[in-house]
2 protein chains.
Amino acid sequence: MELIRIYQCLCDATRLRILHLLTQGPLCVCHFQAILGEPQVKVSKHLGYLKRHGLVEARREGNWRVYRLVRRATRELQANLACLQDCAREEPRFRRDLERLRRLRTNGDDPSLACCAKPTPAKAVAR
Amino acid sequence: MELIRIYQCLCDATRLRILHLLTQGPLCVCHFQAILGEPQVKVSKHLGYLKRHGLVEARREGNWRVYRLVRRATRELQANLACLQDCAREEPRFRRDLERLRRLRTNGDDPSLACCAKPTPAKAVAR
DNA sequence: GATAGATATTCCTCCGGGCGCATATGGCTG
DNA sequence: CAGCCATATGCGCCCGGAGGAATATCTATC
C-alpha cells in the first residue's frame, strides 16, 4: 500500500519539517541544517530515508546536493502534502521554519540555486 | 507536535484500515475482526494504540466494546481523516473493507448498535 | 456463583528506525 | 595531487512497536 510508505515518512518530526520546507521549493542540505538547527548527519539521513522511500529526489549542484519533492508525485502524496501544508499553518515550529527560509533567501542570495557560503564566507551558518 | 502523533497512528496498515472504517461510523471489535480478517489480539491492540494516542474512544455496550472516532477531533485530525478517505477511494483494499462493512450492515441488522451473534448464532464469523 | 462470550493485557521475540561518532566519498580549488 | 568542503555511509546502541500465544478481565446468563 503506497499510502503506508507516505505516512511512515511523515511520522518523524524532522522529516515532517523537511517535507514542509520542500513544498516551498528545492533546497540543499546546508540550508536544511541552518533552518532546522539539526546536525548534518541527522539531516542527511532523513533526506536519504525520504529518497529511498520515493518522496524526494536529489541532484548534484557542484559541491552540494539539492533536494526536491519528486516530480511526478502520486495523487496520494500530493493530497497529503497539501494537508500537511494546511496543518502546518498553525504550528509555531513550521512557521518559524518558513520564516528562517524566507530570511535565508532574502538575506542570502538567489532564491533556489545560490547556495550557502556565498554571502558571508567568514561567519557562514550560525551554528 | 500533535501532527506527529496522528501520522504515527496512520503509518500502520491495520490501523489505517481501522480508522478508515471508523469514518463510516462506530464499530465494535468483532466487526473489525470480521471485516479485516485479522486475529482478535491484533485488532484489540491496534484499537488500544489508537485510543492511547487519542484518535479513538470506546464505550461498553453490554458484552462488547464499541469504538468511534473522538468526538472533538482536532482540525489536524479532521483534515487527515478527510485526506485518508479521499485516498482510500482508489485503494482496492479499502474498497473491499467498505464493501464488507456494507454487507455486515444489511445482512446483519441495525446499522450501528446491533452487534454480532444476533443474526447467525451457529455459523457466526466465518474464520 | 459457575460458565460462556467478548475483549484486554501480559510476556516474549524480532525488527526497523533514530541518534551520534567516526569515517568515507566525490567534487573543487590552489 | 593535496587539501578542503559538502554530504553520505557504516557501526553500535537503544527503544518502541508489531505479532502471537496464553491468560486475565468483565459482563451477561442460567
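Residue numbers start from 1 in every chain, and the chains themselves are labelled A, B, ... in the order their sequence lines are given, proteins ahead of strands. Below, all heavy atoms of this structure are taken into account, side chains as well, without hydrogens, waters or symmetry copies.
Mapping A/H46 and A/G62 onto DNA chain C by nearest heavy atom places A/H46 closer to the 5' end of the strand. Of the residues near DNA chain D, B/V41 and B/N63, the one whose nearest nucleotide (by heavy atom distance) lies more toward the 5' end is B/V41. Both B/G48 and A/Y49 sit near DNA chain C, but only B/G48 has its closest nucleotide nearer the 5' end.
Ion pair A/R59/A/E57 not flagged as a salt bridge, since none of the NZ, NE, NH1 or NH2 atoms sits closer than 4.0 Å to an Asp/Glu carboxylate oxygen.
Residue B/K45 contributes atom NZ, which lies 12 Å from atom P of C/dC11 at whole-angstrom precision. Between the CD atom of A/Q40 and the C1' atom of C/dC19 there is a distance of 13 Å, given to the nearest Å. Separating the CZ atom of A/R65 from the P atom of D/dT7 is a distance of 9 Å, rounded to the nearest angstrom.
At least one side-chain heavy atom of B/Y67 sits under 4.5 Å from a side-chain heavy atom of B/V29.
Here the side chain of B/R15 pairs a donor or acceptor atom with the backbone of B/Q8 at under 3.5 angstrom.
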Would you check, one step at a time, whether the test salt bridge (Lys or Arg N to Asp or Glu O under 4.0 Å) holds for A/R5 with A/E2? CA-CA 6 Å; A/R5 248 188 323 133; A/E2 152 89 14; 2.6 Å; yes
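Between D/dA8, D/dG20, C/dT7, one nucleotide has an atom nearer to the side chain of A/S44 than all others, and that is D/dA8. With D/dT7, D/dG17, D/dG20 as the choices, the nucleotide that has an atom nearest any side-chain atom of B/H53 turns out to be D/dG17. Comparing C/dA8, C/dT10, D/dT7 against the side chain of B/V29 picks out C/dA8 as the nearest. Of the listed nucleotides (D/dA6, C/dG27, D/dG20), D/dG20 has the atom at the smallest distance from the side chain of B/P39.
Between B/Y67 and C/dA8, a side-chain N or O to OP1/OP2 separation shorter than 4.0 Å is present.
Within the nucleic acid shown, A/R15 comes within 4.0 Å of sugar-phosphate atoms alone, with no base atom in reach, counting heavy atoms only. Within the 4.0 angstrom heavy-atom criterion, no nucleotide atom of any strand lies near B/F32.
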